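Let me begin by presenting the structure, written as structure tokens, before commenting on it.
Please read all numbers here as calculations on a predicted model, not as lab measurements.
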Amino acid sequence: MTKNNGPTPFTSTDRSTPFTTTDGPAPFSTARLDALPLDVAYADEMASVLADPALHTFTGGAPEDADALRTRYARQSAGSPDPAERWWNWVLRVRGDDCLAGYVQATVNVRDAQAEIAWVIGSGWQGRGYAKEAAVGLVAQLLDGGVVRTVVAHIHPDHAASAAVAAAAGLVRTEEWEDGEVRWRSDLG
């Protein structure tokens with residue numbers, strides 16, 4: 001990361017563990033969260049986590065039921081049809097409560113060594129710092145993994161909470177816009 005604000009909550013004890021495997025992204029952990037590679041088996045629990053329509057205020061859409069999530073998770077887990085692009089998705093398990101609370105994702109353009117990231121924390125788990133912790137851990141994992149040199153996120157200009165998360169993860173607001181959202185960016189030095 002280009003900015004160092006002290007210790008990161010990334011707590012993997014074995015940095016020799018590959019960031020991805022031949023089957024997709026490897027799990028990683030933060031102080032309170034385990035980021036587990038997306039699997040169709042998480043659809044039922046995630047349908048409950050993501051059931052609040054308020055989660056779609058800035059992104060549009062509506063909550064998906066478990067069947068729709070199973071279909072989407074199967075497609076995402078299969079990976080991008082473009083060999084130069086990787087779809088890396090993780091659900092977030094709160095270690096102390098042993099429950100899922102949201103997800104993080106990265107669409108990686110291998111040619112450009114760039115990852116576009118996003119995060120969603122279910123309404124019942126918001127206000128506890130999980131989004132910040134997960135985004136900081138994800139950015140550290142991406143930039144330390146050797147594949148990604150640039151991380152970007154696109155955030156609605158009125159979504160102050162997501163802007164704060166992006167800033168905490170070391171991303172800097174740019175003057176670039178895409179589909180009504182502001183681009184935030186971090187480059188490996």
Side-chain angles (χ1 to χ4, degrees), residues 1-11 28-36 38 42 45-64 69 72 76 87-97 99-109 114-144 148-189:
M1 246 186 291
T2 57
K3 185 174 173 184
N4 184 354
N5 290 327
T8 172
F10 179 78
T11 59
F28 67 94
S29 295
T30 66
R32 301 175 294 163
L33 302 170
D34 292 322
L36 308 171
L38 184 66
Y42 297 124
E45 188 174 354
M46 286 301 291
S48 295
V49 171
L50 304 173
D52 186 354
L55 292 174
H56 300 271
T57 300
F58 295 104
T59 59
E64 295 179 295
L69 284 179
R72 180 158 56 100
Q76 289 175 321
W87 293 347
W88 295 341
N89 299 277
W90 298 262
V91 295
L92 301 170
R93 181 168 301 283
V94 179
R95 200 173 305 110
D97 297 336
C99 66
L100 299 179
Y103 65 87
V104 293
Q105 60 188 32
T107 300
V108 179
N109 179 315
Q114 177 174 293
E116 181 167 346
I117 65 169
W119 53 87
V120 174
I121 300 297
S123 296
W125 293 268
Q126 292 180 3
R128 303 177 195 184
Y130 292 143
K132 174 184 171 185
E133 184 175 325
V136 169
L138 175 61
V139 169
Q141 184 79 339
L142 289 167
L143 293 177
D144 290 348
V148 173
R149 298 194 56 78
T150 301
V151 176
V152 299
H154 292 91
I155 299 173
H156 190 282
D158 296 331
H159 201 322
S162 278
V165 168
L171 280 69
V172 176
R173 182 183 172 129
T174 71
E175 297 302 317
E176 299 172 53
W177 289 73
E178 185 174 313
D179 296 327
E181 295 182 319
V182 178
R183 177 176 284 203
W184 290 68
R185 179 182 183 112
S186 177
D187 293 298
L188 190 60

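Side-chain atoms of Glu133 come within 3.5 Å of backbone atoms of Arg32 as a donor-acceptor pair (strictly under, hydrogens ignored). Counting only distance, with no hydrogens or angles, the side chain of Gln126 and the backbone of Ile121 share a donor-acceptor pair below 3.5 Å.
Between the CD atom of Glu181 and the CG atom of Asp158 there is a distance of 11.0 Å, given to the nearest 0.5 Å. Between Arg185 atom CZ and Glu116 atom CD the span is 11.5 Å, to the nearest 0.5 Å. Taken from CG in Leu33 to CG in Leu138, the straight-line distance is 11.5 Å, to the nearest 0.5 Å. In this structure, the separation between CD on Gln114 and CG on Asp187 is 8.5 Å, given to the nearest 0.5 Å. Expressed to the nearest 0.5 Å, how far OG1 of Thr59 lies from CG of Asp179 amounts to 12.5 Å. Rounded to the nearest 0.5 Å, atoms CD (Gln76) and CG (Asn89) are 4.5 Å apart.
Counting heavy atoms from C-beta outward, Val108 and Val148 have side chains that approach closer than 4.5 Å. Side-chain contact check for Pro157 versus Val182: some heavy-atom pair is nearer than 4.5 Å. Residues Leu36 and Tyr42 meet the side-chain proximity criterion, which asks for heavy atoms closer than 4.5 Å. Residues Val152 and Ile117 have side chains not in contact (no heavy-atom distance under 4.5 Å, counting atoms from C-beta outward). Proximity of Trp87 to Leu38: side-chain heavy atoms (C-beta onward) are nowhere separated by under 4.5 Å.
Across Ala115 and Ala106, no two heavy atoms sit closer than the pair CB-CB, 4.3 Å. Of all heavy-atom pairs between Leu143 and Thr150, the closest is CD2-N, 4.2 Å. Heavy atoms only, all atoms of each residue included: Tyr103 and Gln105 are closest at CE1-OE1, 3.4 Å. When all heavy atoms of Leu55 and Gly122 are compared, the closest pair comes out as CD1-CA, 4.2 Å. Between Ser29 and Arg95, the shortest heavy-atom distance links the atoms CB-NH2, 3.5 Å. Shown here for Val94 and Ala101, the closest heavy-atom pair between the two residues is CG2-CB, 3.6 Å.
Aromatic pair Trp119/Tyr130: centroids not less than 6.0 angstrom apart.
Asp34 and Arg93 are not joined by a salt bridge, as no carboxylate oxygen comes within less than 4.0 angstrom of a charged side-chain nitrogen.
Ring orientation note: the planes of Phe28 and Trp90 are nearly perpendicular, at an angle over 60° on the 30°/60° scale.
Counting only residues at least two apart or in different chains, salt bridge (charged side-chain N to carboxylate O under 4.0 Å, His left out) contacts with residues 163-176 comprise Glu176-Arg183.
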